[in-house]
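As structure tokens, the structure follows; a few thoughts come after it.
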Amino acid sequence: MKNRTHRCGDLRTEHVGETVTVCGWVDTKRDRGGVAFILLRDVAGKVQLTFSEETDSALLAQTKEARGEFVLSATGKVRAREEENRTQTMATGDIEIVVEKFEILNTAVTPAIEVRDDLKCDPELRLKHRFIDLRRRPMQAMLQARAKLVSSARATLEAEGFLDVETPVLYKRTPEGARDFIVPSRAHRGQFYALPQSPQLFKQLCMISGLDRYFQIARCFRDEDKRADRQPEFTQIDIEMSFPTMDDVIELFEKVVAAIFDGIRRDERFKDQSWPVLSAGDVKPPFERMTYEQAMRDYSIDRPDLRSRDLKLTELNEWSAGCSFNAFKGVAEKKGLIKGLRCPGMAGEFSTGQLKNLERDAKGMGATGLANLKVTETGLDGGIAKFIPEPEQKAMIEAFGAKPGDLLLICAHEKHKVVHAVMHNMRLLIADKLGLSDPHKFAICWVVDFPLFEYREEDEKLFASHHPFTLPQDVQRVHELAEISRAGKEPHPVARMLRGGVEIEEVIALRNNQYDLVCNGIEIAGGSIRMHRTDYQADVFELIGISKEEAEKKFGFLMSALAHGAPPHGGIASGVDRLLMLLLGLDNIADVIAFPKSATGRDLMIDTPNDVEPALLEELGVRMVAKPEK
RNA sequence: GGGGGUGUAGCUCAAUUGGUUAGAGCGCCGGCCUGUCACGCCGGAGGUUGCGGGUUCAAGUCCCGUCACCCUCGCCA
């Protein structure tokens with residue numbers, strides 16, 4: 001085999017006259033009898049190899065042996081094609097290689113899936129034969145864009161003085177949060193490591209070690225049920241810095257985002273792709289900021305899709321409290337939530353059956369129902385209109401700012417969460433119908449002022465809404481609440497605080513120093529300023545019900561580190577996979593990962609997870625038990 | 001864990017109310033063709049209808065179970 005001199009896709013008219021050697025895969029073969037053409041493909045593109053009876057009839061006969069996906073090396077002279085034989089469909093369409101010698105480096109069986117850009121087939125097959133799927137141009141471009149994204153981020157962070165530090169993959173089980181993957185230890189029979197859900201605590205420890213600025217392209221693992229935008233292992237750009245204000249972190253990360261967009265846009269390799277990132281308008285820092293409260297009020301979600309920013313939800317609690325429709329009135333009296341969406345000009349867009357389907361979807365999310373009303377010249381029509389007297393109709397229309405021809409969708413429920421879930425989804429659906437979900441537009445914003453705690457009423461427990469290492473905005477008040485809790489005798493901190501005269505509303509209203517970056521309704525990064533003092537950390541642990549002993553056992557290393565002069569610090573983490581999905585306009589995370597797992601967490605190509613030998617289990621001190629009968 | 005969808009040739013899909021030998025396009029194999037580029041033309045091979053059970057004179061089609069994949073709710077500090 002001769003040394004390769006050029007890549008197939010790189011040859012142009014400037015190479016005419018040169019004798020070259022190219023290597024690659026047979027993409028297609030077109031045999032016309034006295035003349036034959038082989039399209040040879042490599043990472044850079046495709047080039048036409050030409051064989052003819054006139055030039056070398058023995059060589060032409062040899063091409064019979066070359067079949068699809070065979071690996072060839074071919075040597076020949078680059079020739080300009082005749083005017084009428086040129087093609088625009090390939091970058092190399094103006095030239096061809098008149099082959100003098102070629103060699104079959106390897107044969108290939110017929111692949112299960114075809115190597116073509118517009119392949120349409122069952123995703124299962126693509127996963128099973130991933131190494132073939134990845135031969136396709138869109139997949140190779142995706143991987144190139146992914147590498148470019150990471151290198152742009154890396155270059156920016158290094159220029160800003162950040163140090164790439166690797167943290168352990170064999171970590172420790174943490175009972176809170178997502179489920180861990182556990183790894184049995186042979187040396188310590190019966191004991192387990194866990195794979196990290198994120199390097200959160202290690203990056204804090206890096207700050208305490210005085211590294212000042214840390215980053216890592218880190219693999220994270222969560223053993224939760226999969227979704228279109230979730231994988232059991234995924235990659236984060238993980239960042240932490242010492243002595244920052246929130247604005248410092250935000251400004252830094254805006255630079256990273258701008259560099260990522262820029263890097264892919266300016267890369268010549270991607271100019272033939274139809275990715276949103278290549279055609280969308282500029283994403284220019286500084287990005288706008290929105291409070292959590294505002295996001296929830298207008299969009300019922302903490303990651304609003306601002307491509308449809310004017311399509312806002314309307315709260316109807318006040319209207320409902322005085323209305324004649326008992327279902328709404330009852331919810332208002334029980335301090336529930338009533339929210340509605342004005343769907344402009346859509347009164348005629350939904351059939352009765354389609355409205356029923358919307359209600360079915362809402363009920364699937366826990367709603368009792370989903371009211372619909374059509375706005376007419378004279379008032380309201382359809383659905384629950386007959387239960388609402390005319391003056392109340394007028395007031396409602398006014399509350400919505402509705403016009404004749406509008407459709408109103410309203411959901412009421414005692415549980416605010418249910419209403420938020422339903423109305424958020426309805427808003428997305430209507431935005432889509434209105435053509436406001438164009439993947440080629442990017443609407444990016446920071447969401448700030450998140451709640452410090454989430455309150456779960458069922459068991460009267462508080463949870464850290466981000467993670468328990470996030471610095472509260474009002475550490476003084478948190479300390480006072482923790483002191484009240486410590487003084488009480490009731491079993492739970494919430495009960496102790498209530499007994500101590502604290503209103504639960506006040507606790508829920510506490511805010512933290514968290515910031516999320518949201519684009520088109522997707523959370524692409526999230527971070528916070530952390531607690532750097534043991535007393536701050538102890539106060540929060542107290543309020544979320546982690547006892548001193550428990551904190552010592554689970555996070556003793558952190559508490560100890562904080563006590564050794566931890567600097568104020570904070571950071572951010574960004575999901576590479578979701579970010580890339582967004583930039584490329586894809587809607588499945590598997591399409592931006594070289595070797596992804598299926599929706600049940602299996603790798604269909606290498607077939608894992610799988611069984612291991614009983615002897616190994618014995619060595620590990622692990623015993624299999626039968627799946628419990630239902 | 002709940003709900004929905006899909007499963008027929010290598011691939012994408014057909015197959016009437018349950019009824020003859022389960023078809024088509026692409027791909028694959030063979031032949032022909034001196035400028036193709038989604039080449040064309042002629043011919044051919046290729047099927048455990050995901051798997052298991054049931055109903056029936058008869059099942060790709062109906063019923064039960066099961067497996068895989070996809071979507072979704074829960075879950076994802």
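Labels below follow one simple rule: chain letters A, B, ... track the order of the sequence lines, proteins then strands, and each chain is numbered from 1.
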What pairs of nitrogen or oxygen atoms, one from the protein and one from nucleotides 39-43 of chain B, lie under 3.5 Å apart?
| unit_1 | atom_1 | unit_2 | atom_2 | d |
| --- | --- | --- | --- | --- |
| B:rC39 | OP2 | A:Arg30 | NH1 | 2.5 |
| B:rC39 | N3 | A:Arg32 | NE | 3.4 |
| B:rC39 | N4 | A:Asp31 | O | 2.4 |

Exercise. Does a distance-only test, which skips hydrogens and angles, find a donor-acceptor pair under 3.5 Å between the side chain of A:Arg222 and the base of B:rC76?
Worked result: no

For this session: Return no unless some side-chain N or O of A:Lys363 is found under 4.0 Å from OP1 or OP2 of B:rC73.
Result: no

For this session: Measure from CG on A:Leu428 to P on B:rC73 and round the result to the nearest Å.
Result: 10 Å

Exercise. What integer number of Å spans the C1' atoms of B:rA68 and B:rG31?
Worked result: 41 Å

Problem set entry | C1' gap between B:rG19 and B:rA58, integer Å | 7 Å

Exercise. For A:Lys64 and B:rC33, what is the distance between atoms NZ and P respectively, to the nearest whole Å?
Worked result: 9 Å

Exercise. With distance as the sole criterion, do the side chain of A:Asp122 and the base of B:rG7 form a donor-acceptor contact below 3.5 Å?
Worked result: no

Problem set entry | Spacing between A:Leu127 atom CG and B:rC70 atom P, to the nearest angstrom | 6 Å

Problem set entry | Under-4.0 Å salt bridge between A:Lys548 and A:Glu542 | no

Exercise. Within less than 4.0 Å of OP1 or OP2 of B:rC37, is there a side-chain N or O belonging to A:Thr87?
Worked result: no

For this session: Would you classify A:Leu125 as touching base, sugar-phosphate or nothing, given that sugar-phosphate means primed atoms plus P, OP1 and OP2, and contacts are heavy atoms under 4.0 Å?
Result: sugar-phosphate

Problem set entry | Watson-Crick or G-U wobble mate for B:rG74, both contacts under 3.5 Å | none

Problem set entry | Nucleotide nearest A:Thr50 (side chain, heavy atoms from C-beta), chosen from B:rG1, B:rA38, B:rG35 | B:rG35

Exercise. Ignoring hydrogens and geometry, is there a side-chain-to-backbone donor-acceptor pair from A:Arg230 to A:Ala599 under 3.5 Å?
Worked result: no

For this session: Sort out the partner of B:rA58 for me: Watson-Crick or G-U wobble, both distances under 3.5 Å, none otherwise.
Result: none

Exercise. Which whole-number value in Å describes the distance from A:Asn425 CG to B:rG74 P?
Worked result: 8 Å

For this session: Check every strand shown and say whether A:Leu39 touches a base, only sugar-phosphate, or nothing at a heavy-atom separation below 4.0 Å.
Result: nothing

For this session: Looking at every strand, decide which applies to A:Glu454 at a 4.0 Å heavy-atom threshold: base, sugar-phosphate, or nothing.
Result: nothing

Exercise. Base, sugar-phosphate alone, or nothing: which one does A:Gln197 contact when heavy atoms must sit under 4.0 Å apart?
Worked result: nothing

Exercise. How far does the C1' atom of B:rG54 sit from the matching atom of B:rG18, given to the nearest Å?
Worked result: 15 Å

Exercise. If you pin A:Lys597 and A:His467 to their nearest nucleotides in RNA chain B, which one's is more 5'?
Worked result: A:Lys597

Exercise. Among A:His424, A:Lys417, A:His416, A:Lys339, which residue meets the side chain to side chain donor-acceptor pair (under 3.5 Å) test with A:Ser300?
Worked result: A:Lys339

For this session: For A:Asp56 and A:Ala58, indicate whether the former's side chain and the latter's backbone hold a donor-acceptor pair under 3.5 Å.
Result: yes

Exercise. Considering only the C1' atoms, how many Å lie between B:rG60 and B:rU49, rounded to the nearest integer?
Worked result: 5 Å

Problem set entry | Base of B:rG50 paired with side chain of A:Glu124 (donor-acceptor, under 3.5 Å) | no

Problem set entry | A:Ser528 (side chain) donor-acceptor with A:Arg530 (main chain) under 3.5 angstrom | no

Exercise. With rounding to whole Å, what would you report as the distance between B:rC70 and B:rU8 at their P atoms?
Worked result: 16 Å

Exercise. Quantified in whole Å, what is the C1' atom distance between nucleotide B:rG46 and nucleotide B:rA22?
Worked result: 14 Å

Exercise. Could A:Arg136 and A:Asp117 be called an ion pair, given the rule that one side-chain N must be under 4.0 Å from one carboxylate O?
Worked result: no

For this session: Please confirm whether the backbone N or O of A:Pro472 pairs with a side-chain atom of A:Asn513, one donor and one acceptor, at under 3.5 Å?
Result: yes

Problem set entry | Nucleotide nearest A:Met365 when distance is taken to its side chain, options B:rC75, B:rC26, B:rC73 | B:rC73

Exercise. Taking the P atom of each, how far is B:rC69 from B:rU12, in whole Å?
Worked result: 16 Å

Problem set entry | A:Glu83 and A:Asn85 side chains, donor-acceptor separation under 3.5 Å | no

Exercise. Choosing from B:rC13, B:rG10, B:rU36, which nucleotide comes nearest the side chain of A:Asn85?
Worked result: B:rU36

Exercise. Can you find a donor-acceptor pair, distance only, under 3.5 Å between A:Arg126 side chain and B:rC11 base?
Worked result: no

Exercise. If the P atom of B:rC57 is compared with that of B:rG50, how far apart are they to the nearest Å?
Worked result: 25 Å

Exercise. 5'-most contact on RNA chain B: A:Thr600 or A:Ala421, nearest heavy atom basis?
Worked result: A:Thr600

Problem set entry | Closest nucleotide among B:rU12, B:rA38, B:rC70 to the A:Asn588 side chain | B:rC70

Exercise. Between A:Lys553 and A:Glu549, is there a salt bridge with N-O shorter than 4.0 Å?
Worked result: no

Seminar exercise, completed: Checking B:rC73, B:rU36, B:rU34 against the side chain of A:Glu96 (C-beta onward), the nearest is B:rU36

Exercise. Among B:rG30, B:rG27, B:rG10, which is the nearest nucleotide to the side chain of A:Thr110?
Worked result: B:rG27

Problem set entry | Any strand: nucleotide that pairs with B:rG43 via Watson-Crick or wobble, under 3.5 Å | B:rC29

Exercise. Rounded to whole angstroms, how far apart are CD on A:Glu65 and C1' on B:rC28?
Worked result: 18 Å

For this session: Find the distance A:Leu49:CG to B:rG35:C1' and express it as a whole number of Å.
Result: 15 Å

For this session: Return yes if the base of B:rG27 and the side-chain atoms of A:Arg116 contain a donor-acceptor N/O pair under 3.5 Å, otherwise no.
Result: no

Exercise. Side-chain N or O of A:Arg227 less than 4.0 angstrom from OP1 or OP2 on B:rC73?
Worked result: yes

For this session: Both distances under 3.5 Å, Watson-Crick or G-U wobble: report the partner of B:rU66, or none.
Result: B:rG50

Problem set entry | Assigned partner base of B:rG18, Watson-Crick or wobble definition, under 3.5 Å | none

Exercise. Can you check the A:Arg602 CZ to B:rC70 P distance for me, whole Å?
Worked result: 12 Å

For this session: Look through every strand shown and name the nucleotide pairing with B:rA24 as Watson-Crick or G-U wobble, where both distances are under 3.5 Å.
Result: B:rU12

Exercise. Is any NZ, NE, NH1 or NH2 atom of the basic residue among A:Arg12 and A:Asp94 found under 4.0 Å from an Asp or Glu carboxylate oxygen of the other?
Worked result: no

Problem set entry | Whole angstrom value for the distance that separates C1' of B:rC69 from CG of A:Asp607 | 14 Å

Exercise. Touch check for A:Phe37, heavy atoms < 4.0 angstrom, all strands: base, sugar-phosphate only, or nothing?
Worked result: base

Problem set entry | Side chain A:Asp122, main chain A:Glu124, donor-acceptor under 3.5 Å | yes

Exercise. Checking only heavy atoms, does the side chain of A:Arg79 share a donor-acceptor pair with the base of B:rG35 at less than 3.5 Å?
Worked result: yes

Exercise. Does B:rG35 pair with anything, Watson-Crick or G-U wobble, both distances under 3.5 Å, and if so, with which nucleotide?
Worked result: none

Problem set entry | Side chain of A:Arg230 - closest among B:rG30, B:rC75, B:rC73 | B:rC75

Exercise. Thinking salt bridges, do A:Arg32 and A:Glu53 make one under a 4.0 Å N-O criterion?
Worked result: no

For this session: Give a yes or no on whether a donor-acceptor pair under 3.5 Å exists between the nucleobase atoms of B:rC37, that is its base, and the side chain of A:Arg81.
Result: yes

